[in-house]
Amino acid sequence: MAPKLTDQRDIDFVLYEQFQVDMFLKSDKYKAFNKKMFDMVIKEAKNLAVKEIFPTYTECDQVGVIFENGGVKVPECLRKPHKLLVEGEWGALTEDPKYGGQALPFTIAQAAMEYFTGANYILTTYPILGHGAGKMIDLFGTEKQKELFLEKLYTGAWGGTMLLTEPGAGSDVGALTTTAKKRADGAYDISGSKIFITNGEQNLTPNIIHPVLARIEGAPAGTKGISLFIVPKIWVNEDGTLGEANDAVCTGVEKKMGLHGSPTCSISLGSKGKCKGFLLGEPNQGMEIMFHMMNEVRLEVGTQAFTSASLAYQHALDYAKQRRQGRSIEKLSDHEAGQVPIIEHPDVKRMLLKMKSYVEGMRSLVYFVAFCFDKEKTSKDEKEILHYSNLIEILTPVVKAYSSEKGFDVCVEAMQIFGGYGYTKEYPVEQMVRDSKITSIYEGSNGIQAMDFIGRKISGSKGAMLDVLISEIKSIIATAKEHDRLNTLAIILEEALLLFETTCKNTSKALFSKQMTSAFACAHPLLEAAGDIIMAWMLLWRATIADQKLDTKDAAFYQGKIKAAQFFITTIIPITIGKLKAVTYEDNPVATMEDNLF
Ligand SMILES: Cc1cc2nc3c(=O)[nH]c(=O)nc-3n(C[C@H](O)[C@H](O)[C@H](O)COP(=O)(O)OP(=O)(O)OC[C@H]3O[C@@H](n4cnc5c(N)ncnc54)[C@H](O)[C@@H]3O)c2cc1C
């Protein structure tokens, strides 16, 4: 039997036992649905993922993309599942039915996306980027623009991109040099070169819509002077028909470590002086528009990372149960004893339990953020809306950065479980390692996420975002203390949380003092410690539910939840406490390290 794509039982647990998403059925927004409909959507997504998407995973890596005469051919195997995703309007699950959507809760769409992304995340980059471009038009476009673009983008019938990066402007977006000049007809002439553009050119869709960051002539320097333009590959006429080809040309694709089925393109804009775009929103509002969609996109990158980890874990678990090697440690001196499956060796079991705890913790975290989006959308209480929006804000850099790093680590650990075979192309774990690495680099590298975490999130709004996070964690600690089996775990997490809170407050103070360099030097370690504590919170939360169900027929499943929490809190959290103690601002070696000392 092939390894499972992901863990449906655990998805159900997160949806219906941890976050009880059926509560949304009582809200005005989602009252037209029932639980059966939610389950049907997820079941259909699973079928599509298992039957049509996952079989393309290895092939699209092996075949790769071909760049020829300015065009890009993507692996043919992607065509059918892409068509099915578009026809089923799967990219638009949460959107308005007027634009091809089904207006479902974010959490349910997240479950469908877990299946699709886990089955082949390269394929899902195509509809996801279309959706992202659509979101910007939805939030800042005119009614006419929405009518022309939204359905096509939300459903993935047209591709989308994000054109930010230039050779001298990666993390520092404000340094971009692409220019825009207003024309007599109100549109803009765009001129510049972009690099590293995911799916910047492809032959899956008849049109590609490029949101382009550029500077209108005379605009202020830096991020304040950036505007956002919509540059269609093929111009879209007022009646919705396709017009002339635009002067936005792919000049090459990168040869890279992974994501072979997704072209990473250089795009030349206006090399013939004929690249036309229209302004979205107001002049100089470009970064604000981008930021509006960042939270969703960063959640998607977190999903890419954690589903890669989940897939790698399922493969490693399956392999560890089948691969026989070595005798049981209890029978080491018995030379007649047969070989046992490697899952029986304590070190292999340790790796599997570590992987399980990270995967389940990350799953809960990603769904929790989706749950916060649903709460924010369905609540009528201003205070509650602010509470959930604060949680989304503070958790977003953690979802993006922590999941991308731990997701990659889980894939590497999976390779270890396969031994020498893991390093070969006989098994797909080496692809999972290669494909997942990019998640810590793109969509704002993790260094930038860490700066956002300490600069805007824990220190922003007078600490309000940090306060809601701490209060949520404290509430689960209090619940866990009422469970005899979980009391010790709750006390360990409480100690770490207290230290985390003090360290965050000290970091905020350091940021506005002479110790600012030290504070930024500690930004990544602090974000990592935050991620550990959030994992422990999620796993303890799961354990409080599982602890009440140990005498049901699903006892083994629930015992597994308690073991994952126990493993994480007793083996990782003591290290987290050490990491937090190492966050120091006095005489910080990074801050005092001169360049010539390397
Ligand atoms: C496969 C792939 C797909 C991509 N897709 C897209 C896309 O669709 N659209 C798009 O616009 N871009 C895309 N990118 C570009 C990606 O977002 C950038 O590579 C990323 O933002 C980093 O920019 P850079 O490569 O110039 O690195 P740099 O900005 O030079 O960063 C190098 C290192 O320095 C660190 N660093 C830089 N500045 C700071 C700072 N101020 N403080 C602390 N640390 C800092 C970074 O964290 C990083 O570790 C893609 C890249 C790849 C490889």
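Just so you know, ligand 1 is whichever comes first in the structure, and atom 1 is the first atom listed for that ligand. Quick caveat, the model's predicted, so the values are computed rather than measured.
- Shown here are the side chain to side chain contact (heavy atoms under 4.5 Å, CB included) partners of Glu594, two or more places apart in sequence or in another chain: Asn596, Leu597.
- When only interatomic distances are considered, the shortest N/O to N/O separation between Ser171 and ligand 1 falls below 3.5 Å.
- Polar contact check, Met451 against ligand 1: no nitrogen or oxygen pair lies under 3.5 Å apart.
- At distances below 3.5 Å, not a single donor-acceptor pair connects side-chain atoms of Asp96 with backbone N or O atoms of Tyr99.
- Scanning Thr161, Ile438, Leu163, Ile448 for the heavy atom closest to atom 53 (C) of ligand 1 points to Ile438.
- For the atom pair Phe453 CZ and Cys504 SG, the distance stands at 5.5 Å (nearest 0.5 Å).
- Here the side chain of Lys256 pairs a donor or acceptor atom with the backbone of Leu259 at under 3.5 angstrom.
- Residue-to-ligand polar distances place Phe196 within reach of ligand 1: an N/O pair is separated by less than 3.5 Å.
- Using a 4.0 Å heavy-atom cutoff, Ile197 is listed among the residues neighbouring ligand 1.
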Derivation of the side chain to side chain contact (heavy atoms under 4.5 Å, CB included) call for Val231 and Lys276: CA-CA 6 Å; Val231 176; Lys276 195 162 84 161; over 6 Å; no

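- Checked by distance only, ligand 1 and Ser445 come closer than 3.5 Å through their nitrogen or oxygen atoms.
- At least one N or O atom of Thr165, backbone or side chain, sits closer than 3.5 Å to an N or O atom of ligand 1.
- Listed by number with element, the atoms of ligand 1 under 4.0 angstrom from any heavy atom of Leu164 are 11 (O).
- In this structure, the ring pair (Phe, Tyr, Trp, His ring centres under 6.0 Å) partners of His131, at least two apart in sequence or on a different chain, are Tyr154.
- For Asp172, no nitrogen or oxygen atom sits less than 3.5 Å from a nitrogen or oxygen atom of ligand 1, counting backbone and side chain alike.
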